[in-house]
Amino acid sequence: MFPNKLSSLLFLPKSLSYSHSPLSSLPPRPSLLQTKQAHARIIVHGLASDVVLLGHLLSFLALAPSSSLEYSLSVYRTLSYPSVFASNNMIRCFAKSDSPRGSVVLYSSMRQGNVALPNSHTFTFVLQACSKALAIHEGTQVHSHVVKLGFGVDVFISNALIHLYSACCRMECSKRVFQENIHHRDVVSWNSILAGLVRDGQIGVAETMFGKMPERDAISWSTMIMGYVQNGQLEEGLECFKEMRERGLKPNEAILVTVLSASAQMGLLEHGRLVHSIINSLNFRMTTSLGTALVDMYAKCGCIEQSKLLFNSMHQRDISSWNVMICGLASHGLGKEALAHFETFVKEGFRPVNVTFIGVLNACSRAGLVREGRHYFKLMTENYDIEPEMEHYGCMVDLLGRAGFINEAVDLIEKMPAPPDPVLWATLLGACKIHGLVELGEMIGNKLIHLDPNHDGHYVQLASIYAKSRKWEDVVRVRRLMFKQNTNKIAGWSLIEAEGRVHQFVAGDRKHERSSEIYKMLETIGRRISEAGYTPNISSVLHDIGEEEKENVIKEHSERLAIAYGMLVTGVGDCIRIVKNLRVCEDCHEVSKMISQVFEREIVVRDGSRFHHFKEGKCSCHDFW
DNA sequence: ATAGGGTTAG
């Protein structure tokens, strides 16, 4: 009787067919709706308390992509004598839900004999729940039951234990289980421990493990690549990805998303494009995650138009897709567009979160939208009850300060509930420089030097404020102070991608193999832009050297070397894309504008805080950055 | 009569 009943009651009509991915050979998973329909048929047939049927129903619920814990519980509660099968699947439903601790409660009533006794499946599910809840205490107790009941040799269970300890960063315990199970080990055991090491920041150990693995699958590679990227070793991550491809292995979605993120962080457009073409050529389904990662990559690599096109073509957008788009528009100075996106986002029923407002406030500050900035700052706290963080204050101080509302900015800082980050004062110091406020600048500059005496940026800013108002003896004094303090100077660099490689330059760099050509090109550039009326602005140079030498120093800023190299290796009329870690200096900004005009070249520079698109002698930031 | 493990940013 069973097989027939089962198929007629649980099997679903073809027309409603299960969500079935052509790329996987997984068994079909009924949706929540389909499962509820099956439940209805069971009830209609008078079998509402059939343990076998309801057990299957629960297993469907545990697997359904979107299921409701309340519903699963209501099904489970109708059973007067739940089977192990039904109980295990109920534990699995808890494990998958937002209240994984429910699994542990049900498990202990099984242990007490109130319901069916646990079997090996019980342990995999309850341990999964402990991992998810980071319930190390409960997990350890379950571990002792596993040993006591002789389940320690079950590879599924010992892997679940390795995963549990890895998830809780108890790497010593994790390794012990791993070592004890030397005869019951497979690629999953290795992957679980690898993931733990990576999570714990032990990237070197993980690397060694990875090298020793007897077998590696897509998840092993993705864990390793992710490990590098999460630990900030972006180049190594991309290198690992390359090695994987050279071995003829196919990436999975997790790898692609991670690698896109690395390309985005480094600003490597060509690499990002390569990943995009891999996605297309392997016929990957364009999921929301992949789409969002691509939108982000193009925005962070300077192609905001491409980013917008992709965003508009997405079938489904989640809150992250919107956040990425809004922040991207903001970083390109497209303030109005970013705000329009925000409004649509709200109209579509999304609720903004704190990063959304970082994008919105950045949009205002980059585009100088003071009124809007004040409005959204208020909206964030009053309408959405989001506590502003340091970064939100940073945007506001920047916006108000640069627009000249210095007192309002000072007020905002002083009324903050938490002690202000020195960065906020530094931002305000920048505003004092723009508006030539020597006295306030002096006060803030001294305060900053006191707070953070090893940071060279504060001295530089203060000195340039003095320089701007021609207070030369103060310039010299501050500069001497800086040398005496032995400040840490953050080395500036610029990079450009060309001929399938990344070329990185520092100021005065002569290490590049085409160095002499680069310097010749610099001279040509200098001559041509001088003819067009350029004179160097050397106020930002503080070295104790003669005027002529100062000109040479700025002439050899890393950014210019990268641009000169770009002119050498790209075709006439091609866009030159530069990524740098610090902000562009005033003079380089001017020079880039001139080059864009004289050589009819579009130049896109991503600096430490935003994008500059130079075209026909103008910059997208309107010289306001 | 039946089920089980590991990887994903912004």
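Protein chains get the first letters and strands the later ones, always in sequence-line order, with residue 1 at the start of each.
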Residues [X] and [Y]: side-chain donor-acceptor under 3.5 angstrom:
X      : Y      : value
A:E239 : A:Y228 : no
A:S189 : A:D186 : yes
A:Y76  : A:S87  : yes
A:N181 : A:R185 : no
A:N323 : A:S320 : no

Base, sugar-phosphate or nothing for [X]? Non-hydrogen atoms, less than 4.0 Å.
X      : value
A:N88  : base
A:V295 : nothing
A:I157 : base
A:S120 : base

Quick one: is [X] getting a side-chain N or O under 4.0 Å of the [N] phosphate, OP1 or OP2?
X      : N      : answer
A:Q265 : B:dG10 : yes
A:T124 : B:dA3  : no
A:R92  : B:dG4  : yes

Go through the N and O atoms of the side chain of [X] and the base of [N], and report whether any donor-acceptor pair is under 3.5 Å.
X      : N     : result
A:T223 : B:dT7 : no
A:S59  : B:dA3 : no
A:N89  : B:dA3 : no
A:N252 : B:dT8 : no

Once you round it to whole Å, what is the distance between [atom2] of [N] and [atom1] of [X]?
X      : N      : atom1 : atom2 : value
A:I255 : B:dT8  : CD1   : C1'   : 10 Å
A:I91  : B:dA3  : CD1   : C1'   : 12 Å
A:F94  : B:dA3  : CZ    : C1'   : 18 Å
A:L63  : B:dG4  : CG    : C1'   : 10 Å
A:D154 : B:dA3  : CG    : P     : 15 Å
A:L57  : B:dA3  : CG    : C1'   : 15 Å
A:N119 : B:dA3  : CG    : C1'   : 9 Å
A:Y298 : B:dG10 : OH    : C1'   : 17 Å

**OP:** Assess whether atom CD of A:E348 is packed by more than 12 heavy atoms of other residues, nucleotides or ligands within 6.0 Å.
**Re:** yes
Side chain of [X], heavy atoms from C-beta onward: which of [options] has the nearest atom to it?
X      : options              : value
A:F156 : B:dG4, B:dT7, B:dA9  : B:dG4
A:H163 : B:dT8, B:dT7, B:dG10 : B:dT7
A:V324 : B:dT8, B:dG10, B:dA3 : B:dG10
A:F125 : B:dT8, B:dG10, B:dG4 : B:dG4
A:R199 : B:dT8, B:dG10, B:dT7 : B:dT7

Original post:
Is the ring centre of A:H121 under 5.5 Å from the base ring centre of B:dA3, and are the two planes under 30° apart, so that they stack?
Top reply: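 Check passed, A:H121 stacks on base of B:dA3.
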